[in-house]
Amino acid sequence: MQNQNAALAEPLEDTLSPLELRARVGFYQLLAGAFVEEPGCDYLAALRTPEAMAALAELGLQFDADFTDAPLGELQDVLACEYATLFTTAGGCPPVESSRLTGRFQQEPFHEVKAIYQRCGFELQQGKFAVFEDQLGIELSFVAVLLENQAAALESGDMAAARRLEKEVKRFWAIHLGRWVRGYATLLARVTEHSFYREIARLLQGFAEEELALLNVRVDDADGGREEVPKSEIQVLFNPDEPVCGGCDHGKEQNRTFA
């Protein structure tokens with residue numbers, strides 16, 4: 001597991017209240033909604049309410065007229081195009097951990113998060129498009145569920161479950177989110193042409209820094225905001241219980257070994 005540069009401290013002495021935990025959940029859900037699929041009208045309308053805009057302004061976010069003044073339907077269409085350009089087309093910067101850290105999809109981070117989701121009972125809910133388990137919106141949604149479950153455990157007085165979930169959140173930041181979202185946020189802020197994704201990227205970067213500090217997790221940013229990520233060697237997992245073909249390299253090796 002790629003956690004050699006991470007240091008996890010013991011659980012927080014004073015666990016946050018359910019209200020504080022759910023406030024964090026709100027930020028995770030807001031950010032996840034910008035990445036898991038094209039922002040829909042309901043999401044954008046909620047974000048443009050005076051209350052939401054005022055709260056975001058207090059965090060230092062400054063959306064341009066391309067977000068604040070455009071008719072809602074037009075804004076949705078423009079952001080759908082920007083989403084495709086940034087995240088789904090060749091030459092873009094997909095918000096996918098494997099792609100950002102190895103230059104390829106469905107590599108070690110993908111398999112790791114799938115195993116974590118299964119162990120924690122988190123089921124991927126497919127939306128308009130199929131997405132990888134290590135896509136940013138999915139990873140953020142997973143932590144949001146953990147925090148919501150932690151809040152519920154506190155309310156029911158189950159401190160053991162609350163502590164276990166707290167450790168799970170810390171671990172996920174240490175070996176996954178903390179290793180790539182900060183650098184990725186700087187890249188997104190540079191390459192997007194729309195103020196929505198520019199400001200969401202700024203929010204993501206600041207939120208990641210605050211979460212890491214709150215959780216007392218120290219981890220290197222392996223992403224670095226690179227526009228081009230060198231392709232790593234593909235690691236093929238070999239199952240020794242499966243039959244071996246004598247024509248492949250591994251089969252030849254097996255034949256030589258046991259001849």
Side-chain angles (χ1 to χ4, degrees), residues 1-13 15-16 18 20-36 94-102 105-125 131-154 158-185 188 200-201 203-224:
M1 221 173 252
Q2 302 167 324
N3 61 347
Q4 64 272 20
N5 294 322
L8 279 70
E10 290 301 315
L12 301 173
E13 292 183 2
T15 300
L16 298 179
E20 292 169 317
L21 289 169
R22 290 195 171 102
R24 288 168 63 198
V25 169
F27 279 103
Y28 279 94
Q29 292 174 335
L30 186 156
L31 289 165
F35 292 101
V36 73
V96 178
E97 185 179 355
S98 289
S99 176
R100 293 305 306 164
L101 297 185
T102 74
F105 293 108
Q106 292 184 291
Q107 297 303 296
E108 186 176 0
F110 167 81
H111 297 292
E112 287 180 353
V113 298
K114 280 191 70 173
I116 292 171
Y117 295 166
Q118 184 175 15
R119 173 168 54 79
C120 293
F122 176 74
E123 295 185 5
L124 179 62
Q125 301 295 323
V131 294
F132 295 118
E133 277 81 351
D134 58 341
Q135 202 254 25
L136 178 56
I138 303 302
E139 291 192 353
L140 292 169
S141 296
F142 170 64
V143 179
V145 170
L146 293 181
L147 291 173
E148 179 61 41
N149 290 343
Q150 183 183 350
L154 287 174
D158 191 344
M159 293 303 298
R163 291 293 184 180
R164 176 180 56 78
L165 289 161
E166 181 180 70
K167 288 182 178 180
E168 200 71 61
V169 171
K170 291 162 70 73
R171 186 180 299 112
F172 198 78
W173 270 98
I175 64 177
H176 290 290
L177 284 169
R179 299 189 68 241
W180 72 285
V181 297
R182 290 167 293 173
Y184 179 76
L188 181 59
I200 287 293
L203 177 62
L204 175 64
Q205 183 180 17
F207 181 69
E209 295 287 0
E210 290 183 3
E211 283 293 277
L212 289 168
L214 177 66
L215 297 168
N216 199 13
V217 171
R218 299 178 298 278
V219 57
D220 292 341
D221 170 26
D223 182 289

### Task
Before giving the answer on side-chain contact (heavy atoms from CB on, under 4.5 Å), spell out for Q205 and V181 the whole-Å C-alpha distance, their side-chain angles and the decisive distance to 0.1 Å.
CA-CA 7 Å; Q205 183 180 17; V181 297; over 6 Å; no
### Message
If you apply the rule side-chain contact (heavy atoms from CB on, under 4.5 Å), what do you find for R182 with L212, and how did you get there?
### Response
CA-CA 11 Å; R182 290 167 293 173; L212 289 168; 3.6 Å; yes
### Task
Evaluate the criterion side-chain contact (heavy atoms from CB on, under 4.5 Å) for residue pair F110 and V96; output intermediate values, then yes/no.
CA-CA 9 Å; F110 167 81; V96 178; over 6 Å; no
### Message
side-chain contact (heavy atoms from CB on, under 4.5 Å), that's the test. Do I138 and F122 meet it? Break it down for me.
### Response
CA-CA 10 Å; I138 303 302; F122 176 74; 4.1 Å; yes
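Taking each heavy atom of V219 and R179 in turn, the nearest pair found is CG2-CG, 3.7 Å. Taking all atoms of both residues into account, the shortest heavy-atom contact from G137 to A32 is O-CB, 3.5 Å. Minimum heavy-atom separation, A153 to A162: CB-N, 3.9 Å. Here the closest non-hydrogen pair linking L16 and L154 is O-CD1, 3.2 Å.
For the pair C120 and F142, the minimum side-chain heavy-atom distance is below 4.5 Å. A heavy-atom distance below 4.5 Å is not found between the side chains of Q118 and E133. In this structure, S99 and F132 have side chains that are not in contact, with every pair of non-hydrogen atoms separated by 4.5 Å or more. Inter-residue side-chain proximity for S98 and E108 is flagged as unmet; no heavy-atom pair is nearer than 4.5 Å. At least one side-chain heavy atom of L177 sits under 4.5 Å from a side-chain heavy atom of L136. Within the 4.5 Å cutoff, side-chain heavy atoms of H176 are placed close to those of I116.
Every residue two or more places apart in sequence or in another chain was checked for a ring-ring contact (aromatic ring centres under 6.0 Å, His included) with W173, and none qualifies. Looking at residues two or more places apart in sequence or on another chain, you find no side chain to side chain contact (heavy atoms under 4.5 Å, CB included) involving E210. Qualifying ring-ring contact (aromatic ring centres under 6.0 Å, His included) partners for Y28, counting only residues two or more places apart in sequence or in other chains: F207.
Between the side chain of Y184 and the backbone N or O of R100, no donor-acceptor pair lies under 3.5 Å. Judged by distance alone, with hydrogens and angles left aside, the side-chain atoms of R24 form no donor-acceptor pair with the main-chain N or O of E20 at under 3.5 Å. Looking at D221, its side chain does come within 3.5 Å of a backbone N or O of D223 through a donor-acceptor pair.
R119 contributes atom CZ, which lies 15.0 Å from atom NZ of K114 (distance to the nearest 0.5 angstrom). Here NZ of K167 is found 12.0 Å from CD of Q150. Values are rounded to the nearest 0.5 Å. Atom CG of residue N149 and atom CG of residue D158 lie 11.0 Å apart, to the nearest 0.5 angstrom. The distance from the CG atom of L146 to the CZ atom of R164 is 9.0 Å, given to the nearest 0.5 Å. One distance of note links CG of D134 with CZ of F105; it measures 9.0 Å at 0.5 Å rounding. Distance CG/L21 to CD/E148: 9.0 Å, rounded to 0.5 Å.
The number of heavy atoms from other shown groups lying within 6.0 Å of OH (Y117) is above 12.
Under a 4.0 Å N-O distance rule, the pair R163/E166 qualifies as a salt bridge.
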